[in-house]
Q: 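I'd like to ask you about the structure that follows.
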Amino acid sequence: MPLASQTLGTKESNIFKNLSRLHEKKQYKRALRDCDAILKVKKDHGETLAMKGLTYNFLDKKKEAYDFVTQGIKSNMMSPICWHVYGLLYRSDGNYKEAKKCYLLAMKRDKNNLHILRDLALLQIQLRDIPGYLRTRKSLLRLKQGNPESWYTFSMAWEMLGHYSEAIDVMTAFEEITEASEKLKLGKVQASFEAGERKLYIARLYQQAERYQDAIDFLDNNEHVIVDKHGLKVMKADIFMKMENYEAAKVLYRELIDTNPENYNFHLSLQSAYKIGSGLDDLSDDQVAELEKLYDELRKAHPRCSALKTIPLRFHKVGETFQKELNNYLQPALRKGVPSLFATLRFFYENSPEKAVVIGDTVKSYYESLKACEHFPGNESEELAEPALSLLWVILFLAQHHDQLGDPATALKFIDEAIEHTPTVVDIYSFRADIYQNAGAIQKAADAMDECRELDLADRYLNTKSTILSMNADRVEKAIATVDLFITDADGNRVSLSEMQCVWFEQAATESYFRTGDYGKSLKKALSINAHFEEFVEDQFDFHSYCMRKLTLRAYRDLLTFEDRLYSHKNYFNAACVIVKNYLELYNRPLKEKLAEEIRYAGLSGSELQKAKNKWKKQQRKKQQEIEKKRLTIEKEQAQKKKAGLPFDDDPDGIALEKVENPLNEAAKFASSLEKWCGDRIQTHLLSFEVFYNKKIFLRALRAVKKSLAMDPSHYLAHYQAIQLALVDVSEIDESVRSVFVEQLKSVTKGLSAADLNAGFSKSNPDSVLAQFSVARAELLIHPESKDAQKDKITNFPANTTREEGEIILPFIRKIYGDEEAAIFQQKAHEKYPLADAFQNTAIEPTPEESKNE
Amino acid sequence: MTAGKTLTVEFGAITQDNVEQLRKVNLACFPVQYQETYYKEVVERRDEGLCKFAYFNGFVVGAACARVENTEGDRQRLYIMTLGVLAAYRGRNIGKQLIQSIFDHFEENKDGEFSKVDEMALHVQISNDDAIRFYTSRFGFVQGEMVENYYRRIDPPHCYLLYKKLR
C-alpha cells in the first residue's frame, strides 16, 4: 500500500510525469527546479528525490546524484522507480553487477514495467547472464507481442543456451503471425532486408541443430524473400558440405568463385568439395586433370585474376605444365613490378621445397637471360627488348629468395646490385631491412628502414614500419619522433596513440622497454593494451539495442561470439605475456641486485670495500635525485593539464607500477587469464609455470608443465621445468595437497628420478641442440657439483645450431660460466652468423639518439 | 646493349617528401656531390615545369632541374643545373624527353613568365663527350667558351658552356 507521504496530488503528479521528457530534451536545470517544486509540497517524496539524483547524474555531479537517489530509496523502498534510477546510476558508471541487482529489485516491485525489463535485459546480455536474459526476454515478449525485437531476442536467448528446437519454435511462431498478416494485406510475403535476415537466421538455427535438410528446404522455399543473395549462396554451399552433398556444393562454390575469383577461401572450399585436402601435393593424375580442366574454364572467364594463376601452381606436379604456368605468372608480374610477388609464392618455400627449387632456378635463368640479351628465356627472337625495370624486379626476387633460404649474405649482394641499377625504388630498401631483421641484425635493420622511409616521407606504411623497427632496435625516442610525423596536425596537436587504441605501437614499445629493463614504462604500455580490451567488452553495450534496431541478426550474433572469445586474440596474448614477464622480473629484482652486489664487492675488504660501497651509494643517490627531479616535473605538467581540463596521467612512467607490493600476485592474475583464454599456446603454460613455481603453488605449476608437455613433449624449457618439479622438496608443500602433487607428478616423471628423467629426455632428442642444452642445464640442478663437468656440454656450439637457439643459450653461458666462456661461444656463433647483433664481438650499442630539436 | 626503343616516361614534381630520390639519382649519375642549398632551392621553388622526375612504370628513372638566371642587361636565360638518367635506362630517349619537356614549357610561357628569357644554357665537363654530343647534335646547342677550374674535386676540372638561342 503506497504510503500517504508518497502519493502526489494531480498538479505535482503531472510535473513528475514530465520529468523524463525534460531529461530527453536535456533541460536539466528546469528538471531540477521542477523536482524542488514537488519536494516543497512533499519533502520526503522518494521518487522525486530519486529523479533529482538522476538529473544530477546527467550533469555529471556524481556525489549529489548518489546522495539524492539513496535518500529517495530510504524514503520509499517499495518504489520500482527508485530502484530503477539507482540501477541507471550504477550502469552509467559501468558497474553492471550492482546495476543488475538494482534492476532485479525494481522488477520485483513492478513485474510489468517495460523500461525496467528492457534495461535489465541489456545488462544481463552484457554480463552474459543468459538464463536471466531468457527469463527477462520471456516477460518482455509476453508484454509486447507486437514487437519483432521481443521475438528475435527471445529466440536468440534459447539459441545461446544451446536449445535450438525452442529457438526454432519461437521463430516459426513469429513467422506465422507476421506472414499471415502480410499475406492478408499484400497477398504475398515481400522481399525485404528484415525478412531476409530473419530467414537466414532461422536457417542458421537449423544448421546448428544439425537439421541440414530442413535448412536447405527452408532456404529454397523462402529464396524469393531473401535479399542477401550472396550470403544465401555461401550458407547453402556450407550446408551442402556438411551434408556431404559434394555435387551440389561444387556447383555453388563454382558460382561463388565467379563472383569473387580472388577469394582464396572459395577456392579452398571448392577443393574440399572435390574431396581434395589443402595439401594438394599428393594428387592422383586424374584429380590433377579434373582441376586443370576446371581452372582453365575459370581462367577463360576471369583472365586477369591472379589467384587463378597461383592456385594451379599448387596442384600441378613439377614438370612441363608447372613450368609453363610458372612462367605465365612470373613474367608479367616481373615486368609490371609487383613488390609482393615473392610473398605470393612464399607458400611453396614453406610447404613444397621441390617447387621452391624450381622457382628459384627459373628466376635465376631469367636473370642470366636478361643480363645477356635483355629478354626472358624463350623470347630472344622478339623485337622489343624487355624494359630495364624487369631486371630490377628479378634481382629483388632473388634477394628475397636467398633471404628465405637463410643466406643473407647473398641476399644483400643482390640488394646492392639492385641499388646500383635503380636506386630510387623504395622496395629495395624495405627488403634490405627485412633481410637484416631476419639475420638478427636489428640495428642495421632500423637504419635501413629509416633510409627507406626518407625516400618517400608521405608514405604512411614506410613510416609505420620504420617506427616498429626503431622500437625493435630500442631507439624509443627515434621511434616516437618518427611516428609523430603522421599523428601531429598542422597546429601541433598530437593524436594520442593510446586513445586511438594503437596496439601495434604500444606492443612494440612495451617489448622495447622490457628489453632495456624499464619495467615501469613497459607495464604502463602493456596495461594500456589490456585496458583497450576491457573497452572492447564495454563498447558492445550499445550494440545490443543498435543491432536490434537495424535487424542485423546474424552480424549481431557473430559480434557476441567475437566478444566471448575476445581475450583469445593474439594482441591480448602478446600484451599479457609481457605483463607477466615484467612482474616476474620485478619479483626477481631484489635477488638480482644482491647477486650484482656480491660481484661488485668480490675480493674487496676493509677500507677498499668501504670506499667502493660509498662510491656506489653516491652514484645511486645521484640517480635517485635525477629520477625524483624528473618525477616532479612530470607531476607539475600533469597537474597543469588536470587544471586545464585536459586528459592527464598521474604516472606516465609507471613508477608506481614498478613499486607494486606483490608483483607475483599481479603476475598470477594475468597468468590465470592467459590459461583461461590462450590455453592453446604453449607460451602461456611456460610462463604460468614460472609464476606458480615462484609462488610455491606447485600443483598449478605442475598443471602448467603437463599442458606444455602435452603440446610438445620435446620442448626444451618444459623439460627443464619438469626437472625443477621433480626436485621439489615435498615437505614444502602443504599437507592437504602433498599426496595429490606426488601422485600427479608421476604422470610427468613416469615414476623416474630426476636423473633418469633427464637421461631419458637426452636419449629421445639426440639431435636437438636446445634439448641437449636443457639436459646439461638440468644436470646442474640435479648435481650442482658437476658445474665443471658439464661445461663442455653447455658451451658446446654444434654445427646445426640456429641463430635463435644460439641467442637463447648465450646468456645462460654468461651467467653460469662468466664472460670469458661466453666470448668463446659468441665467437663461434659469430662465424656462422656474422650479421647477428647478439654475436657481435663488440657490444652493439643503439645509435645515439638524435635530439628531437635538430 | 641493343639499340633502344623509346621508353615513354611520365613527369612528376620534386617535393619535400620525395627529394631524397633526387639525391639518389644525382649520386648515381654525377661525380660531384651537390650541396644542401641546391636541394633546398629545388624543393622550395616547387616549379614542376623546370624541376621534374621522369617516371617509368611508377618509378623514378631520371630527373632534370633547371632555373631562370639573370644575364646582362635586363635579360634572362634558362639554366640547366642537372640532367640525369639512371645508367640502366640510358639510350631510351628519356633524357631527350626531359629536355624536350623543358623546351615545351618555355614555348608555352615564352610571352609570359619567360618573356625575358633569350637562351638556354648549361655547363659540361670537357671530358664528357657523350653529353656534349647529346646537346649539340640533338638539340642544336652551341659549344661556347671553356671555363677553367669550374670543378673543385674532379679531373679535368674545366668545363664548357653550352648554349642555345631561343629567340
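Just so it is clear: chains get the letters A, B, ... in the order the sequence lines come, proteins before strands, and each one is counted from 1.
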Q: Against B:F59, only a single residue in A:L392, A:V426, A:V425 fulfils side-chain contact (heavy atoms from CB on, under 4.5 Å); can you say which?
A: A:V425
Q: Is atom CZ of A:R460 surrounded by more than 12 heavy atoms (other residues, nucleotides or ligands) closer than 6.0 Å?
A: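 Not buried by this count: 12 neighbours or fewer within 6.0 Å.
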Q: Take A:T424 and B:Y55 through the side chain to side chain contact (heavy atoms under 4.5 Å, CB included) test and state the conclusion after the steps.
A: CA-CA 10 Å; A:T424 50; B:Y55 285 92; over 6 Å; no
Q: When you look at NZ of A:K364, are more than 12 heavy atoms from neighbouring residues, nucleotides or ligands closer to it than 6.0 Å?
A: yes
Q: For B:R153, is the CZ atom crowded, meaning more than 12 foreign heavy atoms sit under 6.0 Å from it?
A: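 It does not: B:R153 CZ has 12 such atoms or fewer within range.
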Q: If you compare all heavy atoms of A:T422 against all heavy atoms of B:L86, which two are closest, and at what distance to 0.1 Å?
A: CG2-CD1, 3.6 Å
Q: Select, from A:A388, A:P387, A:G337, the one with the greatest count of heavy-atom pairs under 4.5 Å involving chain B.
A: A:A388
Q: Heavy-atom count check: over 12 atoms from other residues, nucleotides or ligands less than 6.0 Å from B:E10 CD?
A: no
Q: Is B:K24 salt-bridged to A:E420, going by a charged N under 4.0 Å from an acidic O?
A: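 Looking at A:E420 together with B:K24, the answer is no, because their closest N to O distance does not fall below 4.0 Å.
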Q: Around atom CZ of B:R75, are there more than 12 heavy atoms from other residues, nucleotides or ligands closer than 6.0 Å?
A: yes
Q: Can you tell me which portion of A:L384 sits under 4.5 Å from chain B's heavy atoms? Options are side chain, backbone, both or neither.
A: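 Contact with chain B involves the side chain of A:L384 alone.
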Q: Are B:Y89 and A:L389 close enough, and set up right, to give a side chain to side chain contact (heavy atoms under 4.5 Å, CB included), and what steps lead you there?
A: CA-CA 8 Å; B:Y89 304 86; A:L389 205 48; 3.0 Å; yes
Q: Select, from B:D17, B:N18, B:L22, the one with the greatest count of heavy-atom pairs under 4.5 Å involving chain A.
A: B:D17
Q: So does A:Y461 have more than 12 non-hydrogen atoms from other groups sitting under 6.0 Å from OH?
A: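 It does not: A:Y461 OH has 12 such atoms or fewer within range.
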Q: Checking the side chain of B:Q21 only, and the main-chain atoms of A:L455 only, is there a donor and an acceptor separated by less than 3.5 Å?
A: yes
